[in-house]
Undergrad: 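Here it is, the structure in full.
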Amino acid sequence: MWSLIARIWQAGVAAEPAGRLLEPAPPAFRGAPVVDPARCCGSQACVAACPARALSWTAGATGGAPAAWTLDLGRCQFCGLCAEVCPEGAITQTQAYALATRSAAGLRVATAVGEGGKSDA
Amino acid sequence: MRSRAMTPEPDLETAGPALAERVRRVLGRSLHIRHLDSGSSNGCDWEMAALLGPVYDVQRFGIDFVASPRHADMLLVTGGVTAHLEQAVRRTYAAMGEPRAVVAVGACACGGGMAGATYAHHGGVDKIVPVYVYVPGCPPRPAAILHGIMLALDRLAELR
Amino acid sequence: MSRTVLTGAAAELQAAFPHVPVTAGHGAGEWLAPVPLGELPAVAGWVYAQLGAPLAQAVGVDERPLAGQFRLYYVFSVPDYRQWLVLRADVDPLAPSFPSVTPAVPAAHWYEREIQDMLGLTAAGHPDPRPLVLHAGWPHGTHPLRKDFDGARMPARAPAPAPTGFHGVAGDGTAEVPVGPIHAGIIEPGHFRISTLGEDVLRLEAQLFYTHRGLEKRAEGMTVERGLYLAERICGACALSNAVAYAQAVERLTGAEVPPRAQVLRAVGLELERLYNHVGDLGNLCAGAAALLGNMHLLRLKEQLQRLNEAVVGHRFLRGFAALGGVRRDVGEGALVNLLGVLDQVRSQFLGALDLLAGNGVFQDRMRTTGVLRRDVAEQLGVVGVAARASGIGRDLRRDHPYLVYGGLDVPVPVYPQGDVWARFQVRAEEALASFRLIADLAEQLPAGPVQADIGPVPPLRHAIGWVESPRGANLHFVMTGPDSTIYRYMVRTASYPNWAAVPSTLPGNLVPDFPLINKSFELCYACLDR
């Protein structure tokens, strides 16, 4: 019994402190990809490479809305291939992981890209 | 550079106490969750099981996983609903009392995953029952699932 | 095409059946023997009985668009020669039936039932021809792996009846306890019918394939590059094993060479996978016997190991690590040093947990003589991995059919004769301890160089197998390319496939409360069986 108590003492508190539960993931973590609007050239290499068909690129109207790079987080496999194949290095795989949304529409994240594109952060 | 949807919930420092407080406020008691595997690859299941383990220990927040939908406030569904489990999903949902929050956990549950829609796989939980919260990931980390549960709690509060 | 000199088992097979032209397959050690359909059971039986070669996989393929026939491939493992013998037979579409190999090779039983369901070919003489993969209610004539079946559309299906087709038992005081498919805890779906007399289990029957998603059909038409991401997601717990086995099949198809650094990194990843699975499975085994202290200690360690996976490779289940031709990302010196440091700590705590459990008399008593898998049953059903080694069958692909750098490593293969829950516990514990050492050895011999090579052009109309010893046992991936070099057929047979078939035999003679414990002592995946 004493060895058991000693072991419990040694093991300490296993539970992660509540305040640390939603800490950032480690640098290597494969999280959500984001695009740099200024660098996207519309090659759609990412769209073709995505194994889950989670990406789409729609051209903008001339003089109207800019082009849009859309990621469907519900389909995304977080594999990072899009970042690998982008010829302009416009896509970065971040460590973002807390991505829950209330609607299916909320899963589709659109970023205006190319000329006239800017982030909405 | 990142669009708003990517940023985690702001109250990181108080996640734990805030979670327990939210649970109490919304339900007046503890939160009972029913897990339902509708055809997952088991990655999401393992991450959910980790929540009950000693490190995440969600029971200390008043959250518990229960053995029957009749005891549950929230349904966490993994997998994109196979043909063989469609009836199980419908019956489980029907057996829950209101208010009931369905959370789709993982890429398959949210949008079909790599399997997509096939002869044997519907390709998403919302094709069978209404989904209140979607948790992306393949699989989502336990912390991401916890974040999804918090979001679903907010919706439950609105439903009351 | 030059004639290759036949060696080992291939030569013996040729000598025994001179009219069967045995040729070299793709990839070293693979041999192909086209057998007349009527002689299939005789030749297969000879390979099993005379060569002592267990059946490792059997695949049915609809090659009507290619060769006007259905084709069956039976893959046998010959560890003595480190060879794979593939018997191939053609089935005429106008006479869609084949003589069952099961009476001669019992391990063929589930493969042939699956071929019946998925291709609509009748296994004549099969002792148990019930449907396996497709539950009741599908429209008559639904055979998903036929090329004229639209895999993207779900046919209208009759509402699912309760699971049927069980034999059950009859008599005074007997009862049938149905469990699942949806279970009380956080666990995958499967239906079990326990026939009892009071607390004693007379019989266990199972209906699985609830999580059948149609992944193999889904793979057809994909590029081999895209197929990797599907392979990774068949299962969570065997993600890297499946990814590497698939990648190796493709690399054998193209003749690609994986750079040495990548080979070692793959092996490190595979041992990390073995580690977190074994530690976690031992923890779950404890839960099966309500030894919650052991459960909590081991789950804490499992969490540390999964966080380690995330820190080193970027994913808790090691997805996104394997690439065709190597690995996706390098692992730096700093990460390696950190890895070894964490493993050192985890190892000593693991030993502490094992010690704790060894001293728990009630737990040890629950495990001993419970859920015995008899050696002869395991042998006949082609059981692999932990379950086999705990029943006296010393098989391990790392030693028997070495891949990556395992040929140069000292891989211990612990074998226990008892076949009970305790033996399966011991095998896992010893293998986990061995994995700590293997990772350290691998890190030491990590050579410099690139971590990925171009696999080159993918040839059309070629098939190959890739294999890995996953935490549960042998995983085999059969990949065949079509005329446009996309995937024509993809069949995944993980360790869970033969092993699930053996689980029911371990229940009679035990108590109903032993069922969860026995199930957890196997800890098989439903997802990689069901696909």
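Here is the naming used below: chain letters follow the sequence lines, and residue numbers restart at 1 for every chain. Just the heavy atoms: all of them, side chains too, but no hydrogens, waters or symmetry mates, feed the values below.
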Undergrad: Quick check: closest heavy atoms across Y119(B) and H212(C), and the distance to 0.1 Å?
TA: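 Shortest heavy-atom separation between Y119(B) and H212(C) comes out as OH-NE2, 2.8 Å.
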Undergrad: Taking T118(B) for its side chain and R213(C) for its backbone only, find out whether a donor-acceptor pair lies under 3.5 Å.
TA: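 Such a contact is found between T118(B) side chain and R213(C) backbone.
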Undergrad: Look at atom CZ of R130(C) and say whether more than 12 heavy atoms of other residues, nucleotides or ligands are closer to it than 6.0 Å.
TA: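 Enclosed.
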Undergrad: For N284(C), is it the side chain, the backbone, both, or neither that has a heavy atom closer than 4.5 Å to a heavy atom of chain B?
TA: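 Looking at N284(C), just its side chain touches chain B.
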Undergrad: Donor-acceptor pair, distance only, cut-off 3.5 Å: does the side chain of N42(B) make one with the backbone of G236(C)?
TA: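 Judged by distance alone, yes, a pair lies under 3.5 Å.
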Undergrad: Looking only at heavy atoms and a cut-off of under 4.5 Å, which of A49(B), A107(B), P139(B) has the most pairs with chain C?
TA: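 Of the candidates given, the most pairs with chain C belong to P139(B).
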Undergrad: Which bit of L36(B) is near chain C, if near means a heavy-atom gap under 4.5 Å: side chain, backbone, both or neither?
TA: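 When you check distances to chain C, only side chain atoms of L36(B) fall under 4.5 Å.
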Undergrad: Check whether R300(C) gets within reach of chain B through its side chain, its backbone, both or neither, counting any heavy atom under 4.5 Å.
TA: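 For R300(C), backbone and side chain are both near chain B.
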Undergrad: Given that the side chain runs from C-beta out, which part of R233(C) has a heavy atom under 4.5 Å from chain B: side chain, backbone, both or neither?
TA: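 For R233(C), heavy atoms of backbone and side chain both lie under 4.5 Å from chain B.
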Undergrad: Side chain, backbone, both or neither: which part of L230(C) has a non-hydrogen atom closer than 4.5 Å to chain B?
TA: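 When you check distances to chain B, atoms from both the backbone and side chain of L230(C) fall under 4.5 Å.
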Undergrad: Please classify the contact of Q306(C) with chain B as side chain, backbone, both or neither, using a heavy-atom distance under 4.5 Å.
TA: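 Side chain of Q306(C) only, per the 4.5 Å heavy-atom cut-off to chain B.
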Undergrad: Using heavy-atom distances under 4.5 Å, tell me whether A50(B) contacts chain C through its side chain, its backbone, both, or neither.
TA: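 For A50(B), the side chain is the part near chain C, not the backbone.
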Undergrad: State whether a side-chain donor-acceptor pair under 3.5 Å links R531(C) with S41(B).
TA: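 Short answer, no.
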Undergrad: Could you tell me which portion of R218(C) (side chain, backbone, both or neither) has an atom closer than 4.5 angstrom to a non-hydrogen atom of chain B?
TA: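 For R218(C), side-chain heavy atoms alone lie under 4.5 Å from chain B.
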Undergrad: Say you draw a straight line from OH of Y210(C) to CG of D37(B); how long is it, rounded to the nearest 0.5 Å?
TA: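 Interatomic distance, Y210(C) OH to D37(B) CG, rounded to 0.5 Å: 13.0 Å.
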Undergrad: Side chain, backbone, both or neither: which part of S40(B) has a non-hydrogen atom closer than 4.5 Å to chain C?
TA: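 Contact with chain C involves the backbone of S40(B) alone.
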Undergrad: Could you walk me through whether M222(C) and M114(B) satisfy the side chain to side chain contact (heavy atoms under 4.5 Å, CB included) test, starting with their C-alpha distance in whole Å, then the side-chain angles of each, then the deciding distance to 0.1 Å, before giving a yes or no?
TA: CA-CA 11 Å; M222(C) 281 191 178; M114(B) 279 304 290; 4.2 Å; yes
Undergrad: Among I234(C), D530(C), I182(C), which residue has the highest count of heavy-atom pairs closer than 4.5 Å to chain B?
TA: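 It is I182(C).
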Undergrad: If you count heavy-atom pairs under 4.5 Å between each of H297(C), E188(C), Q304(C) and chain B, which one has the most?
TA: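 Ranked by heavy-atom pairs under 4.5 Å with chain B, first place is E188(C).
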Undergrad: Any idea which heavy atoms bring L299(C) and G53(B) closest together, and the distance?
TA: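 Taking every non-hydrogen atom into account, CD1-CA, 4.4 Å.
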Undergrad: Given a strict heavy-atom distance threshold of 4.5 Å, which part of C138(B) is in contact with chain C: side chain, backbone, both, or neither?
TA: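 Looking at C138(B), backbone and side chain both touch chain C.
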Undergrad: Look at E86(B) together with R157(C) and state whether they make a salt bridge at an N to O cut-off of under 4.0 Å.
TA: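 Salt bridge absent between E86(B) and R157(C).
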Undergrad: Please report the closest heavy-atom contact between L52(B) and M296(C), naming both atoms and the distance.
TA: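 For L52(B) and M296(C), the tightest heavy-atom pair comes out as O-CE, 4.2 Å.
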Undergrad: Start with the C-alpha distance between E47(B) and F317(C), add both sets of side-chain angles, then the distance that settles side chain to side chain contact (heavy atoms under 4.5 Å, CB included), and finish with yes or no.
TA: CA-CA 10 Å; E47(B) 296 295 63; F317(C) 293 83; 3.5 Å; yes
Undergrad: Is H84(B) reaching over with its side chain to a backbone N or O of T211(C), donor-acceptor style, under 3.5 angstrom?
TA: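 The answer is no, because no donor-acceptor pair under 3.5 Å joins these two groups.
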Undergrad: Find the distance between CH2 (W46(B)) and SG (C525(C)) and round it off to the nearest 0.5 Å.
TA: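 Answer rounded to 0.5 Å: 7.5 Å.
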Undergrad: Looking only at non-hydrogen atoms, find the nearest pair between I186(C) and F65(B) and report the distance.
TA: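 Distance-wise, the nearest heavy atoms are CD1-CD2, 3.7 Å.
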Undergrad: Counting only heavy atoms closer than 4.5 Å, note whether E303(C) contacts chain B via side chain, backbone, both or neither.
TA: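 Side chain only.
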Undergrad: Do you know which of C528(C), C238(C), A527(C) has the most heavy-atom pairs with chain B at a distance under 4.5 angstrom?
TA: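 Top count of heavy-atom pairs under 4.5 Å with chain B: A527(C).
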